[in-house]
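Lettering follows sequence order; numbering is per chain, from 1.
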Protein chains: 2
Amino acid sequence: MITNKNCIIRLSRYKNALYRLQALGFVKVFSDNLADAVSGTASQVRKDFSIFGISGNKKGGYQIDSLLEKLNSILGKDQLQKVIVVGAGHIGSALMRYRGFEKEGIKIVAGFDIDPAKINRSSFVPVLPLDEAKAFIKTHSIRIAILAVPDIAAQQATDIICASGIKGILNFAPLGLKGTEGCIINNVNLEIELENLIYFVNVTEKTR
Amino acid sequence: MITNKNCIIRLSRYKNALYRLQALGFVKVFSDNLADAVSGTASQVRKDFSIFGISGNKKGGYQIDSLLEKLNSILGKDQLQKVIVVGAGHIGSALMRYRGFEKEGIKIVAGFDIDPAKINRSSFVPVLPLDEAKAFIKTHSIRIAILAVPDIAAQQATDIICASGIKGILNFAPLGLKGTEGCIINNVNLEIELENLIYFVNVTEKTR
DNA sequence: ATCATATTGTTCCATTTTTCACAATAACAA
DNA sequence: TTGTTATTGTGAAAAATGGAACAATATGAT
Ligand SMILES: NC(=O)c1ccc[n+]([C@@H]2O[C@H](COP(=O)([O-])OP(=O)(O)OC[C@H]3O[C@@H](n4cnc5c(N)ncnc54)[C@H](O)[C@@H]3O)[C@@H](O)[C@H]2O)c1
Ligand SMILES: NC(=O)c1ccc[n+]([C@@H]2O[C@H](COP(=O)([O-])OP(=O)(O)OC[C@H]3O[C@@H](n4cnc5c(N)ncnc54)[C@H](O)[C@@H]3O)[C@@H](O)[C@H]2O)c1
């Protein structure tokens with residue numbers, strides 16, 4: 001099994017680059033075109049493809065449309081992915097209003113909050129009381145949740161949604177969560193992203 | 001020079017864990033405590049420290065306060081980091097309202113936008129016209145920017161702030177930017193983060 | 001039909017990153 | 001004081017990742 005997260009991220013980048021090339025009218029692509037488009041190397045492009053059994057044509061490159069089909073299938077983009085947001089505060093509502101996920105086949109179908117003032121059943125993405133999350137997750141077979149509650153509530157909210165059947169969580173709270181067995185947690189830690197950037201800015205500044 | 005991004009991210013995690021331990025009253029810590037706290041291994045903790053010349057006491061572990069001092073110095077946290085936000089839309093204003101960066105010594109000092117309706121010089125974090133960005137960056141010696149403008153405007157905005165002296169950009173637009181020489185760009189691509197999560201949820205589901 | 005060429009697919013090699021293992025040694029106990 | 005023990009610091013081994021090289025081969029030219 002592939003455990004290399006970077007490899008999957010590259011597949012996403014290839015996919016995005018292919019859509020751009022397709023929009024420009026290209027029909028086929030070579031490994032080095034793709035490499036350029038994602039700032040990688042041609043051998044890595046070919047190796048990534050070969051890992052997933054994707055093959056092109058000697059001297060002919062890859063057919064963009066069929067390549068996209070294969071990548072999309074690997075990335076689970078051949079079906080609409082329904083996602084919920086838990087915590088309809090600043091970050092949560094920014095995400096719910098964002099339309100960019102849709103073109104990626106990702107649809108935020110509902111938000112959940114404990115604050116009654118945040119509830120709004122008639123908005124474009126309805127915001128429902130947290131009590132209803134369990135039933136909603138089960139009824140709509142939701143597997144992915146975005147967690148955007150205050151730090152202090154993050155573990156508790158995780159426990160609830162894991163117990164309700166959520167299989168993957170994208171967590172914005174800057175702390176390590178413990179999910180149940182069988183629930184994957186990916187963290188988006190903006191504090192750490194900034195710290196990291198600051199570190200590298202500092203060292204490149206010093207070493208020149 | 002250290003180029004290992006993950007290593008620096010681990011330093012941030014150690015630092016955060018140390019503050020938690022300190023708040024619980026701990027004064028010293030062993031490598032395996034820290035490993036537990038960040039879900040890592042004890043040897044990696046010690047190796048990470050040794051890379052930066054951080055040493056503890058045989059049989060005595062590490063003194064939390066002096067360890068924190070050293071980590072904070074490495075991570076540039078011994079001085080306030082001033083950051084600007086370019087694009088005061090959904091994501092940008094969520095970030096400007098967020099108070100969590102302050103405890104990390106990161107201060108968002110201004111936002112910039114081209115839309116006159118977004119300008120507000122008297123808000124807690126003032127939002128200024130983009131025209132003023134160059135002068136502001138120079139006057140206040142800003143080195144770090146968060147980029148939260150629409151995709152279509154991202155490259156242009158990058159060009160402007162790079163030319164004004166920005167050295168590091170945290171980019172939320174889901175596309176690859178070209179910075180000038182000497183400007184580091186880190187991407188937060190939420191589409192790809194979600195795609196990645198979905199991929200790993202799918203494969204763990206299939207292989208069980 | 002044959003040859004030259006361009007590009008893939010894969011093997012092999014280099015580098016990076018992580019883990020293991022253990023000598024060195026400080027703290028503590030007897 | 002002497003011995004025992006716990007824990008660091010690091011060198012060596014292993015694993016993972018990335019890149020270079022090249023044989024295989026389809027395509028197109030002559
Ligand atoms: N806003 C940012 O820019 C930003 C940046 C980095 C990290 N974060 C992190 O993202 C998380 C959310 O931040 P925010 O600024 O959106 O916070 P926020 O306070 O604006 O919103 C949190 C929302 O969660 C709701 N909530 C509280 N407990 C809940 C529970 N148990 N279940 C469901 N909903 C609950 C609240 O009612 C509120 O609407 C925090 O962990 C924060 O540290 C935010
Ligand atoms: N909102 C989200 O949840 C979300 C999620 C993922 C990615 N993103 C990305 O983040 C970026 C911002 O998204 P958003 O939802 O906040 O958009 P938004 O439209 O709400 O806000 C963008 C802001 O940028 C301003 N702007 C436009 N051109 C500008 C320029 N040249 N200089 C300065 N300001 C300019 C606009 O006036 C607007 O206020 C986009 O690239 C988007 O793809 C957003």
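Using a 4.0 Å heavy-atom criterion, one finds that A/T3 contacts no nucleic acid atom at all. Within the 4.0 angstrom heavy-atom criterion, only backbone atoms of the sugar-phosphate kind lie near A/Y62; the bases stay farther away.
Between the side chain of B/K47 and the base of C/dT18, no donor-acceptor pair under 3.5 Å is found.
Closest to the side chain of A/R46, out of D/dG18, D/dC22, D/dT7, is D/dC22. Nearest to the side chain of A/K59, among D/dG9, C/dT19, C/dA6, sits C/dA6. Side-chain proximity of A/S43 to D/dT5, D/dA20, D/dT8: nearest is D/dA20. Comparing D/dG9, D/dG19, C/dT8 against the side chain of B/K58 picks out D/dG9 as the nearest.
The CZ-P distance, from B/F52 to D/dT8, rounds to 19 Å in whole Å. In this structure, B/I51 places its CD1 atom 9 Å from C1' of C/dT17, rounding to the nearest Å. Protein atom CG of A/D48 is 13 Å distant from nucleotide atom P of C/dG9, rounded to whole Å. Regarding B/L67, its CG atom lies at a distance of 11 Å from the P atom of D/dT8, rounded to whole Å. One interatomic measurement links the two molecules: NZ of A/K5 to P of D/dA16, which rounds to 18 Å at whole-angstrom precision. Atom CD of A/Q63 and atom P of C/dT8 are 12 Å apart (whole Å). For the pair B/N57 CG and C/dA27 P, the computed distance is 7 Å after rounding to whole Å. Taking atom CE on B/M1 and atom C1' on C/dT16, their separation rounds to 15 Å, with Å as the unit.
Using a 3.5 Å distance cut-off with no hydrogens or angles, the side chains of B/Q44 and B/D48 do not pair a donor with an acceptor. A donor and an acceptor atom, one from each side chain of B/E193 and B/N189, are nowhere located under 3.5 Å apart.
For B/L24, the CG atom is densely surrounded, since the number of other residues' heavy atoms within 6.0 Å is greater than 12. Summarising the local packing, NZ of B/K5 is surrounded by more than 12 heavy atoms from other residues, nucleotides or ligands at distances under 6.0 Å.
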Using the side-chain contact (heavy atoms from CB on, under 4.5 Å) rule, take A/L194 and B/I146 through it: C-alpha gap first, then chi angles, then the decisive distance, then the call. CA-CA 9 Å; A/L194 278 172; B/I146 297 172; 4.2 Å; yes
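With B/K82 contributing its side chain and B/S141 its backbone, the two residues share no donor-acceptor pair below 3.5 Å.
If A/G60 and A/S50 are placed on DNA chain C by their nearest nucleotide, the residue sitting closer to the 5' end is A/G60. Of the two residues contacting DNA chain D, namely A/K28 and A/C7, the nearest-nucleotide position lying further toward the 5' end is that of A/C7.
The side chain of B/Q44 places an N or O atom within less than 4.0 Å of a non-bridging phosphate oxygen (OP1 or OP2) of C/dT19. Phosphate contact (OP1/OP2 of D/dG19, side-chain N/O of A/T41, threshold under 4.0 Å): present. Residue A/R10 places at least one side-chain N or O closer than 4.0 Å to OP1 or OP2 of D/dG18. In this model, the phosphate group of D/dG18 is approached by a side-chain N or O of A/N4 to a distance below 4.0 Å at OP1 or OP2. Between B/S31 and D/dT8, a side-chain N or O to OP1/OP2 separation shorter than 4.0 Å is present.
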